[in-house]
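Order of appearance sets the numbers: ligands from 1, and atoms from 1 within every ligand.
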Amino acid sequence: MRRVVVTGLGLVTPLGVGVQHAWKRLLAGESGVVSLIGRNGDPRFAELPSTVGAVVPQGNANEGGWNAIEWIEKGDDRRMANFTQYAIGAAEQALRDAEWKPTLDEQKERTGVCVGSGIGAFDDTVNATAAYEKGGYRKVSPLLVPRILINMAAGHITMKYGFRGPNHAASTACTTGAHSIGDAARFIMFGDADVMVAGGTESCIHPLAMGGFARARSLATEFNDRPAEASRPFDRDRCGFVIGEGAGAVVLEEYEHAKARGARVYGELLGYGLSADAHHMTAPPSDGSGAHLSMRRALNHAKLPASQIDYINAHATSTPLGDAAENQAIKALMLGKDGKQSASEVNVSSCKGAVGHLLGAAGAVEAIFSIMALHEGVLPPTINLHNPGDPAEDFDCNYIPNQAQEKEVRAVLTNSFGFGGTNASLMFGKVDV
Ligand SMILES: *[C@@H]1O[C@H](CO)[C@@H](O)[C@H](O)[C@H]1NC(C)=O
Ligand SMILES: *[C@@H]1O[C@H](CO)[C@@H](O)[C@H](O)[C@H]1NC(C)=O
Ligand SMILES: *[C@@H]1O[C@H](CO)[C@@H](O)[C@H](O)[C@H]1NC(C)=O
Ligand SMILES: *[C@@H]1O[C@H](CO)[C@@H](O)[C@H](O)[C@H]1NC(C)=O
């Protein structure tokens, strides 16, 4: 089997643009969640039950901010919706980081892209609908369809660099980023490509999208006056997720290919597991008693026992049901017959306290944080965690509360679960090149 390693990372997140900026703030326990009241001068944010969001900061890249003109060619912003622009920014960083700038046709033909989004160009659709209702056909833009297609982030990345390998986009709600990375790794393992740019992107902090999530009772509503405390995975007072935006992209590469060109290797993608709940549109099964299939399958793929996992980067979005179900599932896996002896030995944290829930980008951004934990030997904290769960919830693992912990890490697992009951887990490990 061809092996797959990670050689490049790129981030556009509410904690900043650029892996170094975002990682430093994550380890420092900072929050990227802000009040949305007054955003874009739009009064409709104020009437929502949840008025907080994790927003990518504006500014120049050298200070960790987002400024589209640093990433997008002049005029291309008209052709690219926001989610595509963020993806271009993350992909460019990852390719620079990997120092992969192929010039030969055969190299470009062996390089592919797998970048998806959960929701895509939400405000384009809303604006086009409003214009159409008012002005009819003559108000329809020729750029409407090219801006809103979910696969257009991947498409634009291929066009920018001339990559002619697989050009693919998953859209599986909040599991999108993890599926994109896992599927891309399979393309390399199977021989369809030697290098893949893979990740997820999202930009839908719009009052109507938030209205939908609020009606589904998914959003945090109790901390509108204290935005930085609103996202609190595993904490007793958690009350829903905080919507976020951004993108994450990795460069995945076949092991021998990376070795031959002397690339810096962050780690190896050891396992990828996928599963379905077949249960409910938005809620997970609460028992968690059954085998947690996606994690178990990632371990099976890696051919490793649960005891080998040093750190789990949880999906935990700060919802009452979701965090409890994942906690049960993690404990069932990690304290099973091939796992650890006690819950306090299980190291698990959720970065969503700091960056909120980036929906289709979450799996990719969190895979990058997991790879950084592996690479640097530091576990990122779960911020706002002051009282783990209710006693009845059995929250007795080490959730890395509020402060990063230094720790030699050889293997990490990261989870992503999406509406529709779609689960995926990725496992990364150290590799010597
Ligand atoms: C949609 O319309 C709003 C209000 O005019 C505007 O602020 C926003 O930039 C538009 N979004 C897009 C993607 O065109
Ligand atoms: C998309 O970008 C435009 C222009 O920067 C901005 O006005 C709009 O609010 C953004 N849309 C979302 C959903 O963030
Ligand atoms: C999917 O994830 C949820 C949330 O942790 C978990 O309760 C459920 O058991 C998982 N299902 C499968 C099939 O892995
Ligand atoms: C979890 O982290 C703690 C504190 O850093 C450490 O002492 C322990 O060994 C870790 N557990 C495992 C199983 O790696």
Side-chain angles (χ1 to χ4, degrees), residues 12 14 36 38-45 53-56 58 66-69 71-72 77-86 117 119-131 134 139 141 143-144 147-148 172-175 178 201-210 233-234 243-247 273-280 282-300 312 314-317 319-333 348 350 358-359 361 413-425:
V12 175
L36 298 175
R39 178 177 163 82
N40 293 336
D42 189 335
R44 294 171 301 180
F45 282 106
V55 176
V56 172
Q58 298 289 314
W66 173 258
N67 183 357
I69 60 170
W71 306 98
I72 311 296
D77 58 334
R78 281 186 57 245
R79 301 194 297 134
M80 294 178 186
N82 303 17
F83 79 101
T84 297
Q85 298 184 26
Y86 284 162
S117 182
I119 295 197
F122 195 89
D123 60 343
D124 281 85
T125 312
V126 171
N127 287 8
T129 305
K134 235 171 121 195
K139 286 292 176 193
S141 162
L143 291 171
L144 172 64
R147 278 178 65 103
I148 67 173
T172 48
C174 306
T175 314
T201 181
E202 205 74 83
S203 173
C204 65
I205 302 183
H206 184 284
L208 179 55
M210 289 182 69
F234 301 120
I243 193 168
E245 61 165 3
L274 311 80
S275 67
D277 283 347
H279 174 69
H280 183 268
T282 58
S286 63
D287 62 350
S289 56
H292 190 263
L293 290 173
S294 64
M295 288 196 280
R296 179 50 71 192
R297 286 171 180 164
L299 279 166
N300 289 350
I312 296 180
H315 177 69
T317 62
T319 62
L321 280 181
D323 294 11
E326 184 174 11
N327 184 60
Q328 289 303 328
I330 287 172
K331 287 181 62 178
L333 178 89
V348 33
S350 169
L358 274 64
L359 309 175
L413 188 87
T414 175
N415 284 333
S416 290
F417 310 129
F419 280 4
T422 176
N423 294 5
S425 302

is_close_aromatic(His292, Phe417), centroid dist under 6.0 Å: yes
Atoms in ligand 1 with a heavy atom of Arg147 nearer than 4.0 Å: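 Result: 13 (C).
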Which of the numbered atoms in ligand 3 are under 4.0 angstrom from any heavy atom belonging to [X]?
X      : answer
Asp277 : 1 (C), 8 (C), 10 (C), 11 (N), 12 (C), 13 (C)
Ser275 : 12 (C), 13 (C), 14 (O)
Glu326 : 5 (O)
Ser294 : 14 (O)
Leu293 : 12 (C), 13 (C), 14 (O)

Please check this pair: side chain of [X] against backbone of [Y], looking for a donor-acceptor N/O pair closer than 3.5 Å.
X      : Y      : answer
Arg78  : Leu143 : no
Ser350 : Ala316 : yes
Glu202 : Gly244 : no
Arg297 : Leu274 : yes

Atom of Val56, atom of Glu245 and distance for their closest heavy-atom approach: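 Between these two residues, the closest heavy atoms are N-OE2, 2.9 Å.
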Contact check, Ala276 vs ligand 3, heavy-atom distance below 4.0 Å: yes
Steps toward side-chain contact (heavy atoms from CB on, under 4.5 Å) verdict (Asn415, Ile330): CA-CA 10 Å; Asn415 284 333; Ile330 287 172; 4.3 Å; yes
Side-chain donor-acceptor contact under 3.5 Å, Thr175 with Ser416: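 Their side chains do not contain a donor-acceptor pair, so the 3.5 Å distance test is not met.
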ring-ring contact (aromatic ring centres under 6.0 Å, His included) evaluation trace for Trp66 with Tyr86: CA-CA 9 Å; Trp66 173 258; Tyr86 284 162; 5.0 Å; yes
Within the protein, residues bringing a heavy atom under 4.0 Å of ligand 2, chain by chain: Arg39, Asn40, Asn82, Asp123, Ser203, Ile205
